[in-house]
Amino acid sequence: MCIRDRSTWEGDENKYNFGFDRIFGPETRQVDVFNFAAKPLIDNVMQGYNGTIFAYGQTSCGKTFTMEGPNIHDSEYKGIIPRMMDRVFEVILNASENIEFTVRCLSLIHISEPTRLLSISYAVFCLKKK
């Protein structure tokens with residue numbers, strides 16, 4: 001994730017101010033983005049809260065690289081989504097045997113027009129440790 005380190009942007013006749021919790025430079029590793037932005041969210045989801053990761057930006061700014069990564073089997077370049085799934089199942093494996101989990105995942109990708117969906121994926125897993 002790479003965000004320019006500017007708190008003010010001037011466009012047209014308006015001046016816009018933005019605030020960021022953190023700015024990740026181009027040298028940032030995938031695991032660092034995950035640990036800051038997604039791991040706390042997953043840990044809260046596993047405690048019963050809802051969570052959403054939303055990637056937004058112009059074409060070719062790195063959304064797919066950040067969210068999916070070029071190779072989910074490469075620990076250095078694995079993106080946020082495969083790391084999130086790893087964390088979910090890590091928490092499940094370490095949970096009490098008396099807890100039953102239902103895992104639901106929704107992935108939505110849309111291109112340009114708000115009504116044109118490129119892909120919708122939905123999966124439900126019901127898990128009970130044995």
Side-chain angles (χ1 to χ4, degrees):
M1 179 184 305
C2 181
I3 303 171
R4 290 192 178 188
D5 192 1
R6 290 194 301 196
S7 59
T8 303
W9 177 74
E10 294 184 33
D12 303 326
E13 297 178 10
N14 299 313
K15 191 174 193 178
Y16 303 95
N17 293 310
F18 300 95
F20 303 101
D21 293 331
R22 181 160 176 192
I23 296 173
F24 296 94
E27 74 287 345
T28 305
R29 299 175 314 142
Q30 293 280 60
V31 69
D32 297 329
V33 175
F34 169 77
N35 285 335
F36 181 82
K39 186 176 179 188
L41 179 112
I42 291 298
D43 291 343
N44 285 329
V45 165
M46 298 307 289
Q47 295 296 317
Y49 296 95
N50 291 322
T52 300
I53 296 284
F54 184 81
Y56 178 83
Q58 73 183 57
T59 300
S60 297
C61 71
K63 297 177 301 294
T64 301
F65 181 85
T66 300
M67 295 305 291
E68 297 176 11
N71 183 348
I72 66 171
H73 303 292
D74 184 330
S75 62
E76 180 67 22
Y77 293 106
K78 185 178 354 183
I80 287 177
I81 294 170
R83 289 177 195 276
M84 289 171 61
M85 297 310 297
D86 289 348
R87 180 65 182 154
V88 165
F89 290 104
E90 176 186 333
V91 170
I92 290 171
L93 288 172
N94 292 316
S96 166
E97 292 184 13
N98 298 325
I99 299 174
E100 184 174 324
F101 291 89
T102 300
V103 179
R104 291 187 176 112
C105 302
L106 174 66
S107 174
L108 173 75
I109 301 170
H110 90 77
I111 305 294
S112 298
E113 304 88 33
T115 58
R116 181 175 163 231
L117 299 178
L118 177 68
S119 170
I120 297 178
S121 301
Y122 184 74
V124 177
F125 306 94
C126 294
L127 306 167
K128 187 170 185 176
K129 287 180 70 173
K130 293 183 180 181

Taking all non-hydrogen atoms of both residues, which atom of P70 and which atom of F65 are closest, and how far apart?
CD-CE1, 3.4 Å
What pairs with N44 under side chain to side chain donor-acceptor pair (under 3.5 Å), at least two apart in sequence or on another chain?
none
Go through the structure and list residues passing side chain to side chain donor-acceptor pair (under 3.5 Å) with N71, not counting sequence neighbours.
none
Enter the distance from I42:CD1 to M85:CE here, rounded to the nearest 0.5 Å.
8.0 Å
Would you say R29 and E76 make side-chain contact, with heavy atoms under 4.5 Å?
yes
Counting C-beta onward and ignoring hydrogens, is there a side-chain heavy-atom pair between K78 and D86 closer than 4.5 Å?
yes
Could you state whether V88 and L41 fall into the same hydrophobic cluster, counting links through intermediate Ile, Leu, Val, Met, Phe, Trp or Tyr residues with side-chain heavy atoms under 4.5 angstrom apart?
yes
Which residues pass the side-chain contact (heavy atoms from CB on, under 4.5 Å) test with E27, sequence neighbours left out?
none
Over all atoms of both residues, closest heavy-atom pair of D32 and F24
O-CE2, 4.1 Å
Rounded to the nearest 0.5 Å, what separation is found between the CD atom of E100 and the CG atom of N98?
11.0 Å
Quick check for you: to the nearest 0.5 Å, what is the distance between I81 atom CD1 and M67 atom CE?
4.0 Å
Would a hydrophobic clustering, with Ile, Leu, Val, Met, Phe, Trp and Tyr connected at side-chain separations under 4.5 Å, put M46 with M84?
yes
Scan residues 40-53 for pairs that pass salt bridge (Lys or Arg N to Asp or Glu O under 4.0 Å), counting only residues two or more places apart or in two chains.
D43-R87
Is there a path of hydrophobic side-chain contacts, each under 4.5 Å between heavy atoms of I, L, V, M, F, W or Y residues, that connects I53 with V31?
no
Say whether I72 and I80 are linked into one hydrophobic cluster, either directly or through other cluster members, by side-chain heavy-atom distances under 4.5 angstrom.
no
Heavy-atom closest pair, residues N50 and V45
C-CG2, 4.1 Å
Which Ile, Leu, Val, Met, Phe, Trp or Tyr residues join F54 in one cluster when any pair of side-chain heavy atoms under 4.5 Å counts as a link?
Y56
Applying ring pair (Phe, Tyr, Trp, His ring centres under 6.0 Å), name anything that partners Y77, two or more places apart in sequence or on another chain.
none
